[in-house]
Amino acid sequence: MKKILSILLTAATITSCNIDRFPHNLMDSDNISSNPDAGINGAYGQLKAWSDPMHRAGEYAGDNMMIRGASTDAFYEFISYARTPNNGRLSEFWNAGYKAIAQSSNVMKIITEGESPEKDNQLGECYYIRGMMYFYLVRAYGRPYYQSPETNLGVPIVNGTPDDVFNDLRLPDRATVKATYEQAISDLKKAESLLTINKGNIYASKGAAQAMLSRVYLYMSGTYQSPNAEYARLSVEYADKVINSGDYTLLDRDKFMKYNTFTPENNAETIFAIKRVASEFSGYDHYYGVGGMYSNIGGMGWGEMYASAKYIDLLNETGRNDWRPDNYRIVDARASFIEPTYSEDEKTGKYTEVFRFIKEDAANTLNYAQFIIERTGNTVTAIEVIPKTATTAEQRIPYALTVINANEGTYSIKYKDGKTYNGVLDYYISLNRVYPQFYITKCSKEGENSQLHSPVISRLGEVYLNRAEAQAKLGNYAAALADLNKIRTRSITNGAYSSLNASNASTLIDKERELELAFQAERSYDVFRNGKALTRQYPGPHNQSEVIAPTDFRVVYYIPQSAINSYPGVLTQNPTQ
């Protein structure tokens with residue numbers, strides 16, 4: 001019985017006398033033809049494995065988060081930009097992506113278009129999955145679209161298993177970035193035409209295909225300085241289709257602040273999410289999910305990555321978000337996904353008031369300081385405590401603080417290094433190594449189940465921001481401002497931007513995308529696709545002085561060496577400098 005390979009690119013050399021070397025996850029063509037749902041469900045299943053490294057590769061390379069220290073885990077290369085081709089997480093991203101492509105492609109060969117709306121819808125689901133995979137793969141392994149897409153390499157276009165896997169298993173090298181985008185668009189447009197049955201937001205739908213097309217065209221729309229008007233127009237067109245469909249609704253502020261706790265099926269803003277259920281986890285498996293690195297909830301999770309000081313500053317830009325339990329006040333709704341680990345004093349059972357600020361150390365790197373507070377009338381003094389050593393007694397150095405905004409608890413300190421730093425009165429946040437733990441819960445608490453999270457691929461909030469950026473690149477600043485403020489005022493009451501023009505559009509729209517789409521694996525790609533450099537001048541073990549230009553070779557990931565070694569044909573590696 002003929003077998004259909006569900007993955008091609010991780011296979012070792014296959015010979016007719018050694019069929020045992022076929023990779024796992026084989027499916028019989030007879031089974032697919034009699035039950036195509038099994039093949040489609042298998043493709044959806046691959047998205048679960050794919051979504052984990054997809055998130056890490058996109059988010060960790062950005063500037064929304066920091067890690068407590070260097071790690072031996074392969075994901076640390078995403079943070080440090082120490083790119084290598086032998087990275088197990090990149091291999092998982094590649095393998096799961098191409099498994100989804102292969103399984104969806106093979107189902108397409110079995111189902112005949114036009115038999116029934118139900119069969120056509122199944123075909124549409126396959127086209128959506130395949131088109132989405134090509135887009136996500138090319139944005140990770142291929143250079144930003146504005147950089148010579150006709151010559152830069154994307155990823156191989158391999159749509160299904162060759163008819164003769166024994167004598168004709170030689171696959172093409174990487175297509176260009178342009179050709180890979182064209183393949184993704186072709187698939188997504190085909191999905192749009194076939195998807196007529198809305199099965200809910202954990203399945204592919206017409207709206208999901210249109211939302212993804214809006215994003216794909218946005219990625220092709222050039223930079224603000226040199227936009228591509230045609231692709232910007234198409235991004236607007238597909239955003240219009242989603243927004244005007246009426247199938248999705250922006251959550252109001254209060255519900256949005258609980259976005260992470262809703263299951264996808266009960267979230268009117270979610271367009272497509274990869275459904276996870278608690279039964280897929282057992283015991284300590286929650287430690288190893290995306291949310292488990294961002295927080296520890298109910299004893300589950302490593303809690304080793306935190307919101308960056310840069311991101312917290314953005315949240316506090318229009319007013320201080322106060323996370324203290326007895327003074328809880330959220331100005332920007334996006335701050336509700338951050339949970340500092342305030343620590344009670346073991347003796348008194350009360351919180352310790354501190355002045356927290358970021359200072360430069362002797363190596364000109366930034367680090368947090370938390371000094372205890374003493375009050376005398378209206379005078380607030382921060383006390384730096386230097387512990388005793390074998391040769392010195394404990395030292396207590398007082399600093400009189402200067403008020404910036406007493407209502408918000410912001411002050412400045414003239415530190416012993418001669419520099420003045422701004423900071424905030426707060427409660428002591430427990431440290432991991434030397435870093436206060438600003439837990440991130442946006443990828444946790446689904447159904448209030450610890451680290452359960454169904455990754456959101458598309459939601460209506462992003463579509464509005466896609467349209468805002470595309471309209472700005474077309475010079476339609478009034479329309480762009482209206483969309484931008486739709487998202488802005490949902491999170492910040494009376495926070496609307498007053499104007500948008502050529503001089504500030506890039507800054508304001510990019511800032512709003514960073515705030516809104518944080519921890520959804522978009523940030524690093526958003527920076528580089530618009531021709532901007534990434535800087536991370538905030539506490540953490542990363543190189544704080546490094547500037548990563550959009551033309552840097554490390555903007556894209558290496559093709560996994562394991563894929564090159566097992567590839568039946570030439571698979572060209574990305575440049576090493």
Side-chain angles (χ1 to χ4, degrees), residues 40 43-44 46-47 50-51 54 97-98 100-108 111 113 120-142 145 149 154-160 175-199 201-221 228 230-245 247-248 270-274 455-460 462-463 465-467 469-470 521-522 525 529:
I40 297 169
Y44 280 117
Q46 294 300 341
L47 300 186
W50 163 85
S51 64
M54 177 275 292
Y98 270 103
I101 287 171
Q103 284 190 271
S104 55
S105 296
N106 289 332
V107 173
M108 292 177 197
I111 299 177
E113 183 179 346
D120 283 356
N121 207 78
Q122 288 179 322
L123 275 175
E125 291 178 84
C126 291
Y127 277 107
Y128 170 79
I129 291 171
R130 193 173 76 180
M132 178 175 70
M133 288 300 97
Y134 276 125
F135 169 66
Y136 272 87
L137 287 166
V138 74
R139 78 173 188 173
Y141 296 106
Y145 196 85
V155 296
I157 297 174
V158 185
N159 294 336
T176 64
V177 166
K178 184 175 187 289
T180 312
Y181 269 80
E182 288 173 346
Q183 176 67 52
I185 290 169
S186 174
D187 284 344
L188 291 168
K189 285 185 174 180
K190 186 69 173 178
E192 179 192 19
S193 69
L194 292 169
L195 287 163
T196 59
I197 302 171
N198 192 335
K199 297 164 60 177
N201 58 14
I202 62 173
Y203 297 95
S205 65
K206 184 182 294 293
Q210 291 166 342
M212 191 58 62
L213 281 163
S214 175
R215 190 195 302 176
V216 171
Y217 281 122
L218 188 70
Y219 271 62
M220 300 170 72
S221 67
N228 184 303
E230 177 59 16
Y231 293 139
R233 185 191 65 77
L234 285 166
S235 180
V236 170
E237 177 183 320
Y238 279 96
D240 283 345
K241 291 182 179 182
V242 177
I243 293 168
N244 296 337
S245 72
D247 292 335
Y248 312 100
T270 296
I271 298 171
F272 178 67
I274 299 169
V456 176
I457 299 300
S458 294
R459 61 182 176 89
L460 188 59
E462 181 217 341
V463 176
L465 291 172
N466 291 350
R467 193 169 72 174
E469 180 179 330
E522 299 297 320
Y525 302 114
R529 69 176 174 80

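We count residues from 1, following the sequence as given.
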Rounded to the nearest 0.5 Å, how far does [atom2] of [Y] lie from [atom1] of [X]?
{"X": "M133", "Y": "S105", "atom1": "CE", "atom2": "OG", "answer": "12.0 Å"}
{"X": "L188", "Y": "Y134", "atom1": "CG", "atom2": "OH", "answer": "12.0 Å"}
{"X": "Q183", "Y": "I157", "atom1": "CD", "atom2": "CD1", "answer": "5.0 Å"}
{"X": "D120", "Y": "Y127", "atom1": "CG", "atom2": "OH", "answer": "10.5 Å"}
{"X": "Q122", "Y": "I111", "atom1": "CD", "atom2": "CD1", "answer": "4.5 Å"}
{"X": "I185", "Y": "T180", "atom1": "CD1", "atom2": "OG1", "answer": "11.0 Å"}

For the pair [X] (side chain) and [Y] (backbone), establish whether a donor and an acceptor sit closer than 3.5 Å, ignoring hydrogens and angles.
{"X": "N121", "Y": "T196", "value": "yes"}
{"X": "S221", "Y": "L218", "value": "yes"}
{"X": "S235", "Y": "S214", "value": "yes"}

Quick one: sort the Y217 and Y238 rings into parallel, tilted or perpendicular, breaks at 30° and 60°.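 Parallel.
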Can you classify the ring geometry of Y44 versus F272 as parallel (below 30°), tilted (30 to 60°) or perpendicular (above 60°)?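 Tilted.
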Determine, stepwise, if the pair L194 / E113 fulfils side-chain contact (heavy atoms from CB on, under 4.5 Å). CA-CA 9 Å; L194 292 169; E113 183 179 346; 3.6 Å; yes
Contacts of D247 that satisfy salt bridge (Lys or Arg N to Asp or Glu O under 4.0 Å) - sequence neighbours left out: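 So D247 forms no salt bridge (Lys or Arg N to Asp or Glu O under 4.0 Å) with any residue.
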Looking only at heavy atoms, what is the nearest atom pair of [X] and [Y], with distance?
{"X": "Y248", "Y": "A208", "result": "OH-N, 4.2 Å"}
{"X": "N466", "Y": "A211", "result": "ND2-O, 4.3 Å"}
{"X": "P156", "Y": "Y98", "result": "O-OH, 2.6 Å"}
{"X": "V242", "Y": "G207", "result": "CG2-O, 3.8 Å"}
{"X": "V138", "Y": "G154", "result": "CG2-CA, 3.8 Å"}
{"X": "E125", "Y": "L195", "result": "N-CD2, 3.6 Å"}

Criterion side-chain contact (heavy atoms from CB on, under 4.5 Å) on V463 and S458, from CA distance to verdict: CA-CA 8 Å; V463 176; S458 294; 5.7 Å; no
Can we say E522 and R139 salt-bridge, meaning some charged N sits less than 4.0 Å from an Asp/Glu carboxylate O?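 Yes.
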In terms of side-chain geometry, is the basic nitrogen of E462 or R459 positioned less than 4.0 Å from the acidic oxygen of its partner? no
Are any non-hydrogen side-chain atoms of [X] and [Y] less than 4.5 angstrom apart?
{"X": "L47", "Y": "I129", "result": "yes"}
{"X": "N198", "Y": "K206", "result": "no"}
{"X": "K178", "Y": "Y145", "result": "yes"}
{"X": "R130", "Y": "M108", "result": "yes"}
{"X": "D240", "Y": "Q210", "result": "no"}
{"X": "I457", "Y": "Y136", "result": "yes"}

Would Y219 and Y181 count as a close aromatic pair, with their ring centres under 6.0 Å? no
Yes or no on salt bridge (Lys or Arg N to Asp or Glu O under 4.0 Å) for E230 and R233, after CA distance, side-chain angles and deciding distance? CA-CA 5 Å; E230 177 59 16; R233 185 191 65 77; 2.8 Å; yes
Does Y203, at its OH atom, have more than 12 non-hydrogen atoms belonging to other residues, nucleotides or ligands within less than 6.0 Å?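 Counting other residues, nucleotides and ligands, OH of Y203 stays at 12 neighbours or fewer.
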